[in-house]
Amino acid sequence: DLLLVNSSATHALLNVIPEALAEYPLSPGQKSLWFMHQLAPESDAYNLAFASRLHSLSDVDALQRAFQALVERHPSLRTTFTSVQGEPVQRVSNNVEVFFRTEDASRWTETELNERLAQEARRPFNLGEGPLIRVNLFTRPNSEQPNSEQIVLLTLHHIVADFWSLAVLVNELGILYEAEHAGTALKLAPLPLPYTGYVRWQATMLAGEEGERLWAYWQKRLAGDLPVLNLPADRSRPPVQTYRGASYPFRLDAETSRKLKALGREHGATLYMTLLAAFQVLLNRYTAQTDILIGSPTAGRNWTELGGLVGYFVNPIALRANMSGDPTFEDFLDNTRQNVLADFEHQAYPFAELVKRLQPDRDPSRASLFQVMFAWQNNQQAVIDYLLGTAGRAPSLSGHGDQPGEPQTFIEGVISTALQSTGGNGNYWDYLAVDPVLPSRWRYGTIHMGGPGVARHLISGDVPTPDGPRV
C-alpha cells in the first residue's frame with residue numbers, strides 16, 4: 001500500500017494550481033490537530049522527533065545550509081497557523097530562517113545527553129508564531145573515532161509533517177549536504193504542487209460525487225451503536241486523556257512468524273490481515289466484546305505525485321470486526337480479509353471528516369471512534385528505497401534509538417501495537433531487522449494501565465489454528 005496510481009484523479013490533482021494567497025484553509029486532518037492544540041497548547045503529544053548520530057559530518061555550516069534549503073523548498077516548513085473569524089487558516093511565509101542550534105555536549109554523560117534530547121523533543125511548538133521545525137545539533141568527542149561525533153535532533157509538529165515526510169527530508173538532506181559541502185550547484189526537481197494545492201483538491205473531491213460515494217460506504221460500515229473498547233485496567237481511567245504512556249518491545253520468534261505467514265497464505269490473506277485478525281481475537285478474549293473497532297494508519301498518499309511532498313497526509317481508517325455467532329478463526333480470517341480490502345479501497349475519506357459527520361459520543365477520557373491502533377509498518381523500507389532510488393544517498397545515519405527518556409512519537413489511545421515486517425535489504429535507521437522474526441512494540445497508557453505486564457499478558461497466546469478453538 002505505497003502509492004496507488006489513479007490517472008484521472010492525478011490529472012485533476014495536478015490541475016489544481018493554488019493562487020498565491022495570504023491565507024489557506026486547513027485539511028480535515030490539520031483541523032483536528034489544530035483543535036487538539038487549542039485544548040492543550042503546552043502538550044507535546046503531536047511532536048515528531050528523530051535523533052541520529054552523524055558519523056561522517058565534517059561541515060556544520062554545510063549542514064545548516066542544507067536544512068535552510070529544505071525550508072525554502074517545502075512550503076509546509078514555512079507555515080504557521082492562526083484563526084480568522086473563528087476559522088483556522090494556515091499562512092505560508094516566503095522568507096523563513098531555519099531554527100538551527102548547536103550545543104557543546106562534550107562534558108555530558110550518555111544519560112545527560114538523552115535527557116537533553118528528550119527535553120528538546122518534547123518542547124511545545126507555538127503554531128501561531130512558528131517555526132514548526134527545529135534542528136538541534138549536539139557535539140561531543142567519540143573515543144572510537146578520531147573526530148568528534150554529532151547528534152542531530154530533528155523535531156517537527158505533526159500538523160506540517162508525517163513519517164513519510166521525515167523520509168523525504170532525510171533523503172533530500174543527504175543530497176543537499178553533499179552539494180553544499182562540495183560547493184557545487186544543485187537544483188532538485190521542482191515539486192508538482194504544494195501541500196495547500198492538495199488540500200484544495202481534497203476539498204473539491206469531498207464536495208463532489210466521489211466524496212459522497214466514500215461517505216456512503218463508511219456511513220453504512222459504521223452504522224448503529226459504535227463500540228467502546230473496555231480493556232481491563234490497573235487503575236481508574238482519568239477524566240481527561242493525559243497522553244502519558246510507555247512502550248514494550250518484543251519479538252515473535254521465527255517459528256511463530258513462519259506459522260503466521262503459512263496461515264495467511266492458506267487463506268489468501270496478507271500477513272497484515274492475519275495479524276490484524278489475531279489481534280482482534282485477542283481483544284475479544286480480554287473484553288468479551290464481539291463488536292470491536294480499532295484504527296490503522298494509512299499513508300494517505302494515493303498518487304505518485306504526492307510522494308515527494310512534506311505535509312500531513314497520514315489518515316487512520318476505522319476497522320470494524322464482528323465476532324458474533326461464534327465463528328471459527330478460519331471464517332473470521334476470511335471475513336477480515338474481505339473487510340480490509342473494502343475498507344482500504346475507501347481509505348481516501350478523511351478520518352477527521354468521518355468523526356465530524358458520524359458525531360460519536362464525546363468523552364474527553366477516550367479517543368473518538370477507536371481506543372486502540374494497529375500499525376503495520378512493512379512499508380518503511382519500501383518508502384525509503386522508493387525515495388532514495390538512484391538519485392543520491394543519505395548521510396551516514398544510525399538511529400539513536402527508542403529507549404526510555406529518548407525522543408519518541410507519541411500515539412493517542414490506550415494501546416497501540418506496531419508490528420514491523422522483516423526481510424529488507426538493509427537496516428536503515430535501525431527500524432527494520434533482517435532476521436526471520438517479527439520485531440514488535442506495544443505502546444499503552446500508563447495512567448490506568450500500570451507497567452508492561454499488560455502487554456506481556458496480551459501477547460502470550462498461541463497462533464490460532466483454522467480448525468482449532470472458535471473465536
Side-chain angles (χ1 to χ4, degrees), residues 40 42-60 63-64 66-68 70-71 77 98-126 130-145 147-163 165-170 173-174 177 242-249 377 380 394-412 416 418 427-432 439 441 443 446:
E42 297 302 315
S43 173
D44 59 11
Y46 294 100
N47 284 17
L48 296 178
F50 176 70
S52 288
R53 298 180 190 272
L54 302 183
H55 298 299
S56 60
L57 179 69
S58 59
D59 190 340
V60 174
L63 181 67
Q64 182 172 355
F67 271 111
Q68 181 64 46
L70 288 177
V71 170
L77 304 182
V98 65
F99 180 100
F100 189 97
R101 298 289 183 271
T102 60
E103 198 164 346
D104 181 8
S106 59
R107 298 186 179 182
W108 298 356
T109 65
E110 193 71 13
T111 298
E112 290 172 330
L113 172 63
N114 289 339
E115 291 175 350
R116 185 74 180 95
L117 285 168
Q119 181 185 29
E120 278 300 317
R122 293 168 180 162
R123 186 154 59 90
F125 285 98
N126 186 320
L132 302 185
I133 174 176
R134 298 192 296 256
V135 182
N136 294 87
L137 186 68
F138 302 92
T139 304
R140 63 201 306 239
N142 187 342
S143 58
E144 299 179 358
Q145 297 187 24
N147 300 321
S148 63
E149 69 170 1
Q150 289 83 24
I151 296 88
V152 62
L153 172 66
L154 174 62
T155 313
L156 305 100
H157 195 281
H158 208 354
I159 201 169
V160 297
D162 51 21
F163 164 76
S165 300
L166 287 177
V168 171
L169 293 174
V170 169
L173 175 65
Y177 170 75
T242 64
Y243 301 103
R244 298 176 190 173
S247 62
Y248 178 70
Q377 298 174 341
Q380 292 189 8
S396 177
L397 304 176
S398 63
H400 197 73
D402 190 13
Q403 302 298 324
E406 297 185 15
Q408 298 184 29
T409 299
F410 294 84
I411 300 178
E412 178 183 4
S416 173
N427 198 356
Y428 199 85
W429 293 351
D430 290 343
Y431 276 154
L432 299 178
R441 182 177 300 274
R443 290 192 172 104
T446 54

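Side chains included, hydrogens not; waters and symmetry mates left out as well; all remaining heavy atoms used. Residue numbers count from 1 along this sequence.
The closest donor-acceptor contact from the side chain of D162 to the backbone of S165 lies under 3.5 Å. A donor-acceptor pair is defined here as one N or O able to donate and one able to accept, closer than 3.5 Å; such a pair exists between the side chain of H158 and the backbone of A161. In this structure a side-chain-to-backbone donor-acceptor pair under 3.5 Å is missing from R140 to E149.
A51 and L153 get closest at one heavy-atom pair: CB-CD1, 4.0 Å. When all heavy atoms of V170 and F50 are compared, the closest pair comes out as CG2-CE2, 4.4 Å. Heavy atoms only, all atoms of each residue included: P124 and S43 are closest at CB-O, 4.3 Å. Scanning both residues, Y177 and A66, for their nearest heavy atoms gives N-CB, 3.7 Å. Taking all atoms of both residues into account, the shortest heavy-atom contact from L70 to L169 is CD1-O, 3.8 Å.
Residues F125 and N47 meet the side-chain proximity criterion, which asks for heavy atoms closer than 4.5 Å. At a threshold of 4.5 Å between non-hydrogen side-chain atoms, the residues T155 and I133 do not count as touching. In this structure, V135 and V152 have side chains that are in contact, with non-hydrogen atoms separated by less than 4.5 Å.
Considering CG of D59 and CD of Q64, their distance stands at 10.5 Å, rounded to 0.5 Å. Distance check, rounded to the nearest 0.5 Å: CG of L132 to CG of L48 gives 11.5 Å. To the nearest 0.5 Å, atom OG1 of residue T139 and atom CD1 of residue I151 are 7.5 Å apart. Put simply, CG on L117 and CD on E112 are 12.0 Å apart, with the number rounded to the nearest 0.5 Å. Here the straight-line distance linking atom CG of N114 with atom OG1 of T109 works out to 8.5 Å at 0.5 Å rounding. A distance of 14.0 Å separates CD of Q150 from CG of N136, quoted to the nearest 0.5 Å.
Taking R123 as the reference, E120 meet the side chain to side chain donor-acceptor pair (under 3.5 Å) condition, with sequence neighbours excluded. With sequence neighbours excluded, the residues that form a salt bridge (charged side-chain N to carboxylate O under 4.0 Å, His left out) with E103 are R116. For the side chain to side chain donor-acceptor pair (under 3.5 Å) test, residues two or more places apart in sequence or in another chain that qualify with Q68 are E72.
With respect to the salt-bridge test (charged N to carboxylate O, under 4.0 angstrom), the residues E115 and R122 do not qualify.
Ring orientation note: the planes of F100 and F67 are tilted relative to one another, at an angle of 30° to 60°.
At least one cation-pi condition fails for R101 and F138: the charged atom is not both under 6.0 angstrom from the six-membered ring centre and inside a 45 degree cone around its axis.
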